[in-house]
Protein chains: 2
Amino acid sequence: MAHSPKRKLFLDLVRAIFRINGLLLADGDRMAEGVGLTSARWKVIGIIALSNAGVTVPGIARALGQSRQAVQRITDVMQIDGLVSYATNPRHKRSVLVQLTDQGQQVYHALRTVQDPWAIGLTDDVPVDELESALRLLQRLIFRMEKP
Amino acid sequence: MAHSPKRKLFLDLVRAIFRINGLLLADGDRMAEGVGLTSARWKVIGIIALSNAGVTVPGIARALGQSRQAVQRITDVMQIDGLVSYATNPRHKRSVLVQLTDQGQQVYHALRTVQDPWAIGLTDDVPVDELESALRLLQRLIFRMEKP
DNA sequence: GTCAGGCTGACTCTATGTTGTCAATCTGCT
DNA sequence: AGCAGATTGACAACATAGAGTCAGCCTGAC
């Protein structure tokens, strides 16, 4: 059984991914809490902030690898809360662009003041090349899982 | 800014973890579907099968890093479906042990016949040492996130 | 033995996310 | 221009997961 240890290794990796996913959501909730957000909005606002021109709801969903319905619900609530606004999309009549309002940008900036030290603190003693190789491995797995 | 690239690298890793978590759940649903399970029950049945003597519901929750309420709901449904049974715990009067029934073991076995080729296929051309180092990195991050 | 603190089961509420469906719109090909 | 297929918004049903609460049981220190 040449692949048996590899199989166990992979399943351990799967369990670790489930575990760290939960921990990341918990940390996201904790960080976002201070500025009145949740981890789901934390994920969404990060994608919106990355794109200057504004993105569509399905675009955010594709970036996160989630269903557009889930993202739509998040952005709808964030629009009610005044964090994002819907702007007409010159390239698509129905699909509006999601943009950060001034308040949304302030919230994102406040988020960064918590998120950056968090990211730095967690990777304090982790070499860059280890991060790189782990990221490459995950992206490789993602690619293989997305194809079929 | 010596740590700026590392910060971006880590955030990319976070995004990859969110992405692969969703893909793993989708694959888990797809594999578990054939034997009448869902990805949540797939995760739970794996933990139960790993322990011969039976585990408590909070024990499963700790192994998965989830709330015991979430696990309790899963095991309750699985008990109704006849996959698991609750046995009295000699070491704790109220906290019962969750065990696989014969049917549960059959389902787990059927699951393995799908899951093992899946695991092997995904890691086909991935060197063992890359899996090991990625797993170590994630476990290191998990350890740091669990402490506080 | 006793008792404080921790663990567990049961319940509720809320948030998140997937799937399915339908109509309206868009895109690319002819 | 016109049409087939893909994309999008809107809505609904369902599964999953966390947080909070309460009462009952258990454990360990004394």
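Keep in mind it's a predicted model, so treat the numbers as computed, not measured. Below, chains carry the letters A, B, ... as their sequence lines are ordered, and counting in each starts from 1.
Out of D:dT16, D:dT8, C:dT18, the shortest distance to the side chain of A:Ser67 is found at C:dT18. Comparing C:dT16, C:dG9, D:dT8 by their closest approach to the side chain of A:Pro58 singles out D:dT8. Taking only side-chain atoms of B:Ala40, from C-beta outward, the nucleotide of D:dT16, C:dG17, D:dG18 with the closest atom is D:dT16. The nucleotide whose nearest atom lies closest to any side-chain atom of B:Thr38 is, among D:dA15, D:dA17, D:dT8, D:dA15.
Taking atom OH of residue B:Tyr86 and atom P of nucleotide C:dT8, one finds them 14 Å apart after rounding to whole Å. One atom, CD1 of B:Ile60, and another, C1' of C:dT8, lie 14 Å apart when rounded to the nearest Å. Spacing between atom CD of B:Gln79 and atom P of C:dA10 amounts to 10 Å, rounded to whole angstrom units. The CG atom of B:Asn21 sits 16 Å away from the P atom of C:dT16 (whole-angstrom rounding). Per the geometry, CG belonging to B:Asp29 stands 10 Å off C1' belonging to D:dT16, to the nearest Å. Separating the CG atom of A:Asp76 from the C1' atom of C:dG17 is a distance of 15 Å, rounded to the nearest angstrom. If you take CG of A:Leu97 and P of D:dT8, they are 12 Å apart, rounded to a whole angstrom. The distance from atom CD of A:Gln66 to atom P of D:dT8 is 16 Å, rounded to the nearest whole Å.
Nearer to the 5' terminus of DNA chain D, by closest-nucleotide assignment, is the contact made by A:Val96 (compared with the other of B:Ala70 and A:Val96). Place A:Arg68 and B:Arg73 on DNA chain D by their nearest nucleotides, and A:Arg68 ends up nearer the 5' end.
Look at A:Lys43 and you'll find a side-chain N or O under 4.0 angstrom from OP1 or OP2 of C:dG17. For C:dG9, the OP1/OP2 oxygens have a side-chain nitrogen or oxygen of B:Ser95 closer than 4.0 Å.
Taking 4.5 Å as the limit, some side-chain heavy atom of A:Ser133 sits within range of a side-chain heavy atom of A:Arg136.
Partner of B:Phe18 under the side-chain contact (heavy atoms from CB on, under 4.5 Å) criterion, out of A:Leu64, A:Leu25, A:Ile17: A:Leu25 alone.
Side-chain N/O atoms of A:Gln69 and base N/O atoms of C:dG20 include a donor-acceptor pair closer than 3.5 Å.
Of the N and O atoms on the side chains of B:Asp102 and B:Gln106, not one donor lies less than 3.5 Å from an acceptor on the other residue. Side-chain contact check for B:Asp29 and B:Ser39: at least one donor-acceptor pair (N or O, by modelled atom type) lies under 3.5 Å.
A donor-acceptor pair is defined here as one N or O able to donate and one able to accept, closer than 3.5 Å; such a pair exists between the side chain of B:Lys6 and the backbone of A:Thr123.
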